[in-house]
Every structure is written in structure tokens, then in C-alpha cells.
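Notes to accompany the following structure.
Note that these values count all heavy atoms, side chains included, but never hydrogens, waters or copies made by symmetry.
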Amino acid sequence: MRTVFVASAVIMALAGCSKKDQPGQGSINQLRVTVPASAVAAAAVSGAKAKAVMHERHEGMEKVGKAMKLLARQIKSGAPDMAVVKTKAAAMNGLAQKSSTWFPAGTGPDAGKTRAKADIWQKPDDFAAKMNAFQSASAGLNTAAQGGNPESLTATFGNLGKSCKSCHDSYRTEMHH
């Protein structure tokens, strides 16, 4: 439990101090968070804790998916409601930054019903790189949204979608109910 908390604290601390540009300078700030591969493998959980993390992961990913759909509709509309975009982009970014805590060892397919493939824990360096890309792309979209520039949303949303697809193609299985 302590290891999970310490790993989460380190990741959040890195997230908070990694901006390359200062807000308000007209650039798209990209938050670069480096999730060490050891964060995926080191903090093993089991039993009720594993089930709780798996539930949190499922709920978090559901929220990410819903935010992506809403953002896609807004951005593709040609006249997005920037208040909605700002709110959803901020929520998406918060979930993205938290997502690196959703995959401790012991929460794979052997622990129960999940769309997460065992490859996540077998290829931690590649998974961590894909997680970093997701977090960075989410931060970029959030910065574009908070800047209120509808023109920059299409590219940054596209980058976010590519990062999601890249990880899903490698590490998510289709679940049949």
C-alpha cells in the first residue's frame, strides 16, 4: 500500500513540475510526464485491493471514453462550445495523469474480468512509453482548450486520439459480454 502511494506521489509531483512553457504565452504547453516502467511492475497488489484498482481503472477508462466522445462532437461541430471543451479537456487531463496508477502488477487478466492484456506487465517499457504519450497528448489538448483557441483543438485532439489508439491496439482486448 505504501509503495503504491509513494509511486503515485512521485508521478503526481513529476506531472506538476514538467511544463516546458509558461501559460499565457500563446504556445501549446505539453506536459511531459515520465512514467517509469518500474511503476507498472513494482507495486503489486492482490485480493480486494486488486479488485478495487481494477474497478477504479474500468470506471476511469469509461469516463475517458465518454469525454473523448463529447470532445469529438464539440470539435467536429465547427463551432465548439468552449466552456464545455474546457471542462471536458481538464477532466480528461486529470484522468490521464491519474491513469498511470491504474495498472499495478496483480491487476491483469489473471485477477479477473478486464480488457487489459497481460502484455502490459510483460512489456513495461513499451507500455510506459504509450502511457507517457497519452498523458502528454492529454495535457496538450487541455492547454489548447484552456487557451480558448478552437483552431488548435483539431490537431491536439488528433494527437490524443492517436495515443489512445496506439495503446489500445497493443494492450486492450475486446471484451465479449
Side-chain angles (χ1 to χ4, degrees), residues 7-8 10-21 23 27-41 53-54 56-77 80 82 84-104 107-108 114-147 149-175:
S8 298
V10 169
I11 290 166
M12 296 311 285
L14 288 172
C17 64
S18 300
K19 288 191 178 183
K20 295 183 179 199
D21 300 319
S27 62
I28 298 175
N29 300 321
Q30 294 251 340
L31 177 63
R32 191 61 142 186
V33 177
T34 303
V35 177
S38 60
V40 174
V53 171
M54 292 170 75
E56 180 184 2
R57 177 173 67 214
H58 174 79
E59 294 300 311
M61 288 298 183
E62 287 285 320
K63 290 175 184 175
V64 166
K66 288 177 182 178
M68 286 293 289
K69 288 176 184 174
L70 191 140
L71 284 164
R73 281 193 304 270
Q74 287 293 322
I75 293 167
K76 291 177 183 179
S77 75
M82 290 306 291
V84 171
V85 171
K86 286 179 182 185
T87 300
K88 286 300 174 183
M92 167 71 76
N93 190 47
L95 290 164
Q97 302 315 315
K98 188 176 182 181
S99 66
S100 54
T101 66
W102 294 342
F103 295 91
T107 63
T114 181
R115 293 179 78 179
K117 290 183 178 179
D119 291 350
I120 290 171
W121 299 274
Q122 295 165 358
K123 300 175 185 176
D125 292 332
D126 185 60
F127 180 73
K130 286 178 175 29
M131 181 66 70
N132 287 332
F134 169 56
Q135 292 172 330
S136 180
S138 177
L141 175 67
N142 186 44
T143 299
Q146 300 313 317
N149 182 356
E151 292 79 32
S152 64
L153 292 175
T154 302
T156 56
F157 184 76
N159 289 339
L160 180 58
K162 288 176 189 174
S163 73
C164 292
K165 181 177 179 355
S166 174
C167 193
H168 288 182
D169 286 351
S170 299
Y171 297 111
R172 183 181 73 168
T173 184
E174 292 301 317
M175 179 148 309

Enter the distance from [X]:[atom1] to [Y]:[atom2] here, rounded to the nearest 0.5 Å.
X: Leu95; Y: Lys88; atom1: CG; atom2: NZ; result: 9.5 Å
X: Ser166; Y: Met131; atom1: OG; atom2: CE; result: 11.5 Å
X: Leu71; Y: Leu153; atom1: CG; atom2: CG; result: 8.5 Å
X: Gln135; Y: Leu160; atom1: CD; atom2: CG; result: 11.5 Å
X: Lys63; Y: Lys98; atom1: NZ; atom2: NZ; result: 7.5 Å
X: Ser138; Y: Phe157; atom1: OG; atom2: CZ; result: 11.0 Å

Locate the shortest heavy-atom distance separating [X] from [Y]; write the atom from each residue and the value.
X: Gly108; Y: Met54; result: O-CE, 3.9 Å
X: Lys86; Y: Gln146; result: O-NE2, 2.9 Å
X: Ser152; Y: Asn149; result: OG-O, 2.9 Å
X: Pro150; Y: Met82; result: CG-SD, 4.1 Å

Quiz item: What class does the angle between the rings of Phe127 and Tyr171 fall in, given that below 30° is parallel, 30 to 60° is tilted and above 60° is perpendicular?
Solution: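 Answer is perpendicular, since the angle exceeds 60°.
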
Self-check item: Which residues share a side-chain contact (heavy atoms from CB on, under 4.5 Å) with Gln74, sequence neighbours left out
Solution: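 With neighbours one apart ignored, the set is Leu70, Pro80, Asp81, Val84, Val85.
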
Quiz item: Do Asn159 and Leu141 come close enough that some side-chain heavy atom pair is under 4.5 Å?
Solution: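 With C-beta onward as the side chain, the pair stays apart.
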
Measure from the side-chain N and O atoms of [X] to the backbone N and O of [Y], and report whether any donor-acceptor pair falls under 3.5 Å.
X: Asn132; Y: Ala128; value: yes
X: Trp121; Y: Phe103; value: yes
X: Arg115; Y: Glu174; value: no
X: Asn93; Y: Ala139; value: yes
X: Arg57; Y: Thr114; value: no

Self-check item: Test log, rule side chain to side chain contact (heavy atoms under 4.5 Å, CB included), inputs Phe134 and Cys167
Solution: CA-CA 8 Å; Phe134 169 56; Cys167 193; over 6 Å; no

Practice problem: Give a yes or no on this: more than 12 heavy atoms of other residues, nucleotides or ligands lie within 6.0 Å of atom NZ of Lys117. | Solution: yes

Self-check item: All salt bridge (Lys or Arg N to Asp or Glu O under 4.0 Å) counterparts of Glu59, not counting sequence neighbours
Solution: none

Quiz item: Which pairs count as salt bridge (Lys or Arg N to Asp or Glu O under 4.0 Å) when at least one residue sits in residues 159-172, sequence neighbours excluded?
Solution: Lys165-Asp169

